[in-house]
Enquirer: 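Here's a structure for you.
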Amino acid sequence: MKKYLPVLFVVIGLAVILPTFFMSSEPEKLQLPDSLKGVFIDSPPMPIPEFTLTDQDNKPFTKNNLRGKWSLVFFGFTNCPDVCPTSMSVLNKVSKLEGIPKDTQYVFVSVDPNRDRPEKLKEFVSFFNEKFIGATGTAEELKKFEEPLGVIYDFEGDTSSDEYNVTHFAAIYIMDPTGNQRAYVLPPHSLAQVGEAYKLIYQHYK
Amino acid sequence: MRFLILALLIFTSFSAVSEGQLVLENGWVRAAPPMAKNLAGYGELGNNSSQSISIVSMSSPFFKKVEAHKTSFVGGMMKMQQITNMQLKPGVIFKFAPGGMHFMLMKPNRAITENLEVPIHLTTELGEKYTFYFVVKK
Ligand SMILES: [Cu+2]
């Protein structure tokens, strides 16, 4: 009997460790219905490094702010008249849906920090929803956040004037409570598309 | 006599309207935060006449500049471009809608508040002027 004791320990050990290992590992990748266009899931989530931006109240907004909650993040600039307001009002409607966590954060990140000072960000985001967060920062800090997400943009026109336009990647990012990218939704955005995608992704990966 | 001329003027202006016909339906401007420097107008612009109509300029008393723009998405990249040759063939309707074409309204000179009716003037190649009203809403 003594001879088998170590084996028994190993077996018991494995029986305890293996299930926790599988439980904490990545679930099988969610298959979305074909009717949901432009939604891409990261399995496993795309890691985001630490970054420090400034929010609409002049407080730091870091990767820590993304931890512990789901977040929907959109990059743009407040002078954008067509696409950004459309996506922001879609986010406002999403925030009122059933079946998604009530503590979801909605974050607008400006890629145009020269024009979008915190006061302006505050006015912009609160126009859509009082609870929305606006953030921006130095080019260097923005880059840390944007690069892994694949946010690219280009300033068009005279950037020393205030009339230039920003061509930008306009996806909505779904960030999981580890603060990493779980999915993104390509524009043009609609409530049906973003709402349904977020619901299914949250239910599957929560 | 004066009455006759007036009646004639009204008559001809009516017939001009039914001939050189640009029509706009469901015109609206997306309400924006007070600090917004650019707003977008939408609606369906149609040509009810039997001739092509070219729009050569646009303006609004409430804005410094008005242009027709088109938003396009290339692999998720949002790009905005001016439409310079706004020609509507007979029967054609241009749908100005979010994420597609819009009237780009730049630098407002007054508060653009909800329910306000924003006049936009369109001038055609033949020098005809049209004024359409766009209501501000969320
Ligand atoms: Cu535009």
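Order of the sequence lines sets the chain letters (A, B, ...), proteins ahead of strands, with each chain counted from 1. Predicted model, so just to flag it, every value in this text is computed and none were measured.
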Enquirer: Is there a side-chain contact between F127(A) and K138(B) (heavy atoms, below 4.5 Å)?
Expert: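 SC-SC contact between F127(A) and K138(B) confirmed.
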Enquirer: Might you point out which heavy atoms bring T167(A) and K79(B) nearest each other, and give the distance in Å?
Expert: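 In this case the closest contact between T167(A) and K79(B) is OG1-CG, 3.8 Å.
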Enquirer: Within the structure provided, determine whether M35(B) and T78(A) are in side-chain contact (heavy-atom separation under 4.5 Å).
Expert: yes
Enquirer: Report which part of S89(A) has an atom under 4.5 Å of a heavy atom belonging to chain B: side chain, backbone, both, or neither.
Expert: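 For S89(A), the side chain is the part near chain B, not the backbone.
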Enquirer: May I ask you to check whether over 12 heavy atoms, not counting those of K129(B), lie within 6.0 Å of atom NZ?
Expert: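 Count not over threshold, so no.
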Enquirer: Tell me if the CD atom of Q82(B) is crowded by more than 12 foreign heavy atoms within 6.0 Å.
Expert: yes
Enquirer: How close do G75(B) and F169(A) get, heavy atom to heavy atom, and via which atoms?
Expert: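 Residues G75(B) and F169(A), closest heavy atoms: O-CE1, 3.0 Å.
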Enquirer: Can you see which heavy atom on K37(B) is nearest to which on N79(A), and at what distance?
Expert: CB-OD1, 4.0 Å
Enquirer: Give me the atom names and distance for the closest heavy-atom approach of M78(B) to A170(A).
Expert: CB-CB, 4.0 Å
Enquirer: Is the backbone of C80(A) close enough, under 3.5 Å, to the side chain of N38(B) for a donor and an acceptor to pair up by distance?
Expert: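 No, N38(B) side chain to C80(A) backbone: no donor-acceptor pair under 3.5 Å.
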Enquirer: Give the member of K107(B), M77(B), M80(B) that has the highest number of heavy-atom pairs under 4.5 Å with chain A.
Expert: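 Max contact count across the listed options: M77(B).
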Enquirer: Can you name the closest pair of heavy atoms from P81(A) and M104(B) and give their distance?
Expert: CG-SD, 3.3 Å
Enquirer: Count the heavy atoms belonging to other residues, nucleotides or ligands that lie under 6.0 Å from CD of E130(A), then report whether that count exceeds 12.
Expert: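 Counting other residues, nucleotides and ligands, CD of E130(A) stays at 12 neighbours or fewer.
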Enquirer: Can you tell which of A32(B), A36(B), G100(B) has the highest number of heavy-atom pairs within less than 4.5 Å of chain A?
Expert: A32(B)
Enquirer: Shortest non-hydrogen contact from T86(A) to P98(B)?
Expert: OG1-CB, 3.6 Å
Enquirer: Measuring heavy-atom distances to chain B, does V166(A) have an atom under 4.5 Å in its side chain, in its backbone, in both, or in neither?
Expert: backbone
Enquirer: At a heavy-atom separation under 4.5 Å, does M106(B) approach chain A through its side chain, its backbone, both, or neither?
Expert: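 Nothing of M106(B), per the 4.5 Å heavy-atom cut-off to chain A.
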